[in-house]
Amino acid sequence: MGQTFHVYPVDDLIAHDTETEDCICGPKIELVPSETGDGWLITHNSLDGREAKENR
Ligand SMILES: [Zn+2]
């Protein structure tokens with residue numbers, strides 16, 4: 001398997017699990033092909049409202 005890259009918001013309200021893709025924020029997982037082998041891009045979601053603004 002290739003590498004796994006994590007993209008996550010710094011100074012977020014929660015602690016992101018950057019060791020696995022099983023984070024509580026429900027990160028988006030994308031396959032990233034590269035010459036040295038396919039990698040995985042794990043994009044974490046911010047829980048402080050930067051990603052999903054939902055005002056009711
Ligand atoms: Zn996360």
Side-chain angles (χ1 to χ4, degrees):
M1 280 293 284
Q3 289 180 280
T4 302
F5 303 95
H6 285 265
V7 177
Y8 58 97
V10 293
D11 297 329
D12 203 7
L13 298 177
I14 60 166
H16 290 272
D17 187 347
T18 56
E19 300 298 322
T20 75
E21 67 277 4
D22 193 22
C23 185
I24 58 174
C25 72
K28 183 176 67 175
I29 304 170
E30 294 175 278
L31 181 63
V32 181
S34 76
E35 294 180 5
T36 55
D38 292 347
W40 296 96
L41 177 64
I42 315 293
T43 305
H44 292 254
N45 296 301
S46 168
L47 291 193
D48 64 7
R50 270 175 288 174
E51 291 288 327
K53 285 195 185 304
E54 205 173 301
N55 296 318
R56 303 189 195 186

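Checked against side-chain contact (heavy atoms from CB on, under 4.5 Å), I14 has the following partners two or more places apart in sequence or in another chain: D12, H16, I24, C25, L47.
Sorted by first and then second residue, the side-chain hydrogen bond (donor to acceptor under 3.5 Å, both in side chains) pairs with a member in residues 23-35 read S34-T36; sequence neighbours excluded.
Under the 4.5 Å side-chain criterion, counting only non-hydrogen atoms from C-beta, F5 is not in contact with V32. P33 has its side chain within reach of D38: a pair of non-hydrogen atoms, C-beta onward, lies under 4.5 Å apart.
The minimum heavy-atom distance linking E21 with P27 is given by the pair O-CG, 3.5 Å. In plain terms, the two heavy atoms of H6 and T20 that are nearest each other are CE1-O, 3.2 Å.
Both I29 and L31 belong to a single network of hydrophobic side chains, linked directly or stepwise wherever heavy atoms of I, L, V, M, F, W or Y lie under 4.5 Å apart.
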